[in-house]
Protein chains: 2
Amino acid sequence: MLKLSKKADYGLIAVRHLAMRHLAGACSAKEIARTYAIPTELLAKILQKLVKKGLLVSQQGAEGGYALARDPATVTAFEVIKAIDGPLLITSCVTAHGDCSQAPTCTVKEPLGKVNEIIVKALNSVTISSLGDEGAEPPPSTSGLIQIGGAPQ
Amino acid sequence: MLKLSKKADYGLIAVRHLAMRHLAGACSAKEIARTYAIPTELLAKILQKLVKKGLLVSQQGAEGGYALARDPATVTAFEVIKAIDGPLLITSCVTAHGDCSQAPTCTVKEPLGKVNEIIVKALNSVTISSLGDEGAEPPPSTSGLIQIGGAPQ
DNA sequence: CCAAATCCGACCTTTTTGGTCGGAATTAGA
DNA sequence: TCTAATTCCGACCAAAAAGGTCGGATTTGG
């Protein structure tokens, strides 16, 4: 139905949480899970995936936990989603598999491919640091605008 | 995983098909289904939904079938998708339900709401008539561009 | 009347998703 | 060294959604 999975939601929430305390050291999965009422084990698995994809770093053992691997301003929502849910393909039959059963006649995917790119760009324009502070700081309209395609300068 | 349902795909394919023979009279579900190797009964149900939403008109009885209710240039991909899959909500917890279990602290939905709007606009900018002819006619770059937000004039 | 169609709802199957469990490896601190 | 807290990992299960099927009622042109 064209919506993000809960796992991706959870991932974004957690990553944002880590971004807000970026310089405060690591944070355990349990702590984050409790804060947002997310099933602990599930969140743990999600975070582990993000570690494997290089978005987070982890510290094992007591007093261990997770932390962002990079500056939050350089991490985009798309990276997080892709790491959790896999590549973003809007249609059921896009390149990379080639197993579209109605391939011979299916031409809708052509223009929808463009829509796909737009979505990716939109998600890529949302950085983790911009997931900001409880909406307390609505971004100024200029920087809040999400630029699609070539910058119209 | 953020992709369209097959039903929506089927719906778009069928609607496009009807658009291409817009002035040639009605077309039965069976015929369309055969053409694109889509399960007949499934496609029928999808088309019926589109009728109920006013996108198609139907003619019962022998020699009956479906036809577009409006000019294909005025029907957008988003309308078709919405008619089939329901309203497009990218996050699991957006307005209209208010049943976001982590609502108190979940702020990611704020910026993602913007992404949601972008997607809707993108899908709305794709008209059925633009789903064109087998890619035989790549649209000129100007009309092919999908405009998002205010036109950057 | 008959055949071809839409129409409609119930139902089933498969896939995906969300979530759980158990246990191994690691590590800081008492 | 022992212990508790933690990441790590795979297998497993349950619930939900999606995809697809079926039976039958209704309409309608020939």
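Quick caveat, the model's predicted, so the values are computed rather than measured. Below, chain A is the first sequence line, B the second, and so on; all start at residue 1. When reading the values below, keep in mind they use all heavy atoms of this one structure, side chains included, and skip hydrogens, waters and symmetry mates.
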> When you measure from the side chain of B:Lys7, which nucleotide among D:dT21, D:dG19, C:dG18 comes out closest?
Replying inline: D:dG19
> How close or far is atom P of D:dT7 from atom CD1 of A:Ile46, stated in whole angstroms?
Replying inline: 14 Å
> Can you tell which of C:dT20, D:dT21, D:dT7 lies closest to the side chain of A:Glu41?
Replying inline: C:dT20
> If two hydrophobic side chains count as joined below 4.5 Å and joins carry through other members, does A:Val120 share a cluster with B:Val126?
Replying inline: yes
> B:Gln48 side chain: which of C:dA28, D:dT7, C:dC8 is closest?
Replying inline: C:dC8
>> Would you say B:Ile90 ends up clustered with B:Met1 if hydrophobic residues are merged whenever their side chains have heavy atoms under 4.5 Å apart, either directly or through other cluster members?
In response: no
> OP1, OP2 of C:dT16 versus side-chain N and O of A:Ser5: anything below 4.0 Å?
Replying inline: no
>> Between C1' on C:dT26 and OH on A:Tyr66, what's the gap in Å once rounded to a whole number?
In response: 12 Å
>> Can you tell me which nucleotide in D:dT6, C:dG19, D:dC8 comes closest to the side chain of A:Lys30?
In response: D:dT6
> Can you tell which of C:dA25, C:dT20, C:dT6 lies closest to the side chain of A:Gln60?
Replying inline: C:dA25
> Looking at A:Ser28, does any N or O in its side chain come under 4.0 Å of the phosphate oxygens OP1/OP2 on D:dA5?
Replying inline: no
> Can you check whether A:Glu79 reaches A:Thr76 side chain to side chain, under 4.5 Å on heavy atoms?
Replying inline: yes
> Is any side-chain heavy atom of A:Leu123 closer than 4.5 Å to a side-chain heavy atom of B:Leu112?
Replying inline: yes
>> Expressed as a whole number of angstroms, how long is the span from B:Ile38:CD1 to D:dA18:P?
In response: 18 Å
> Considering only D:dG19, C:dG19, C:dT27, which nucleotide approaches the side chain of A:Tyr10 most closely?
Replying inline: C:dG19
>> Nearest whole Å is fine: how far is C:dC8 P from B:Lys49 NZ?
In response: 13 Å
>> Heavy atoms from C-beta onward define the side chain here; which of C:dA28, C:dA4, D:dC9 lies closest to that of B:Ala62?
In response: C:dA4
>> Expressed as a whole number of angstroms, how long is the span from B:Leu43:CG to D:dG20:C1'?
In response: 12 Å
> Which residue, B:Gly61 or B:Ala8, contacts DNA chain D at a nucleotide closer to its 5' end, judged by nearest heavy atom?
Replying inline: B:Ala8
>> From C-beta outward on B:Ala29, which listed nucleotide comes closest to its side chain: C:dT6, C:dG18, C:dA5?
In response: C:dT6
> Can you check whether A:Leu2 reaches B:Asp85 side chain to side chain, under 4.5 Å on heavy atoms?
Replying inline: no
> B:Gln59 side chain: which of D:dG29, D:dT7, D:dT21 is closest?
Replying inline: D:dG29
> Taking atom C1' of C:dT16 as reference, at what distance in whole Å does atom CG of A:Leu42 sit?
Replying inline: 14 Å
> Mapping A:Leu2 and A:Lys45 onto DNA chain D by nearest heavy atom, which one lands closer to the 5' end?
Replying inline: A:Lys45
